[in-house]
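This report concerns only the one structure given below.
Labels below follow one simple rule: chain letters A, B, ... track the order of the sequence lines, proteins then strands, and each chain is numbered from 1.
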Protein chains: 2
Amino acid sequence: MKKEHKHLTSFKSHLDQQYGQRGTIIREEYEEGFEAFKLGAMLQDLRKEQGLTQEQLALKCGTTKTYISRIENNASDIRLSTLMRIIHEGLGGHLKFKVDILLK
Amino acid sequence: MKKEHKHLTSFKSHLDQQYGQRGTIIREEYEEGFEAFKLGAMLQDLRKEQGLTQEQLALKCGTTKTYISRIENNASDIRLSTLMRIIHEGLGGHLKFKVDILLK
DNA sequence: ATCAAAGTTAGCTAATTAGGTAACATTTTG
DNA sequence: CAAAATGTTACCTAATTAGCTAACTTTGAT
């Protein structure tokens, strides 16, 4: 496999522990890395947790598997509105931002 | 004033309490709202906390006060890369995402 | 090994952001 | 009030995303 998704396994086991409970909130936090921007990995993880194919996800949020693939592989920048649409309509999720600033 | 920034005051007082400390991390969390998307308000708050004008901020991150104004007033969608540039280079901050999903 | 499903890549086009300049409006300061 | 600083809006252009189709590749199942 070309790509590695570091926190997939740990997150997966966490999911497994909670599996069966209803109404459980998954919180997947993505911290922007120093080198590369791996939003794609987060989206791919979330999609797989829900057992969706790229095509199924694409259908839910009105795009194509082609585009989902590009996003997951960080092949393109992405608009905020598009990111939110994928998370909302595609994954049924809720996006939050946090900004940390070190005061001088 | 046309716009209101609800959490500016509370955040401001919190800042005032901590003022003078060095190395303190401000965590401004923005929860995407139901109705409208107020990323602009968050960015404006953060800018003002640092005592920057739109023009000063624009200089630091290689854009114009015109553009900063448009973003703060949610007059335009924004690319992720641009958002990150403003937060990094303009505000010296660090952006994090979180996705909450309610399991079915 | 073969077939089908899933994922990736390549073009092209249309829609939208980002950059630039200038004019206008609002707020602050003296 | 007057002047300066700050912020907003308008318009245009260039760069980039998003959408679309099709071909190619990889993975998984039988």
Ranking A/Ser69 and B/Asp77 by the position along DNA chain C of their nearest nucleotide, the one closer to 5' is A/Ser69

Separation of C/dA5 atom C1' from A/Glu55 atom CD, nearest Å, is 9 Å

Out of C/dT8, C/dG19, C/dT17, minimum distance to the side chain of B/Thr63 belongs to C/dG19

| query | Would one find a side-chain N or O of A/Asn73 under 4.0 angstrom from OP1 or OP2 of C/dG7? | reply | no

The residue, B/Gln56 or A/Arg85, whose nearest nucleotide of DNA chain D is more 5′ is B/Gln56

Regarding the side chain of A/Thr64, the nearest nucleotide among D/dT21, D/dT16, D/dT8 is D/dT21

Among the nucleotides D/dG7, D/dT17, C/dG7, whichever has the atom closest to the side chain of B/Thr53 is D/dG7

From the candidates C/dT8, C/dA15, D/dT8, the one with an atom nearest any side-chain atom of B/Glu72 is D/dT8

Regarding the side chain of A/Arg70, the nearest nucleotide among D/dG19, C/dA6, C/dT17 is D/dG19

Rounded to whole Å, the CZ-C1' distance (B/Arg47 to D/dT8) equals 12 Å

Between CD1 of A/Ile68 and P of C/dT9 the distance, given in whole Å, is 15 Å

Test side-chain hydrogen bond (donor to acceptor under 3.5 Å, both in side chains), reference B/Gln54, set B/Gln44, B/Lys65, B/Glu72, output is B/Glu72

Fill in: 4.5 Å side-chain heavy-atom contact, A/Leu91 and B/Val99
no

Validation row: B/Lys96, A/Asp100 side chains within 4.5 angstrom (heavy atoms): yes

Atom CD of A/Gln54 and atom P of C/dG7 are separated, to the nearest Å, by 5 Å

Any donor-acceptor N/O pair under 3.5 Å between C/dT9 base and A/Thr66 side chain: yes

Between B/Ile71 and B/Thr82, is there a side-chain heavy-atom distance shorter than 4.5 Å? no

A/Ile86 CD1 to D/dG19 C1', in whole Å, measures 13 Å

Among the nucleotides D/dC11, C/dT17, D/dG7, whichever has the atom closest to the side chain of A/Arg79 is C/dT17

Next item on the list: For the residue pair B/Arg79 and A/Leu80, establish whether any side-chain heavy-atom pair is separated by less than 4.5 Å.
Entry: no

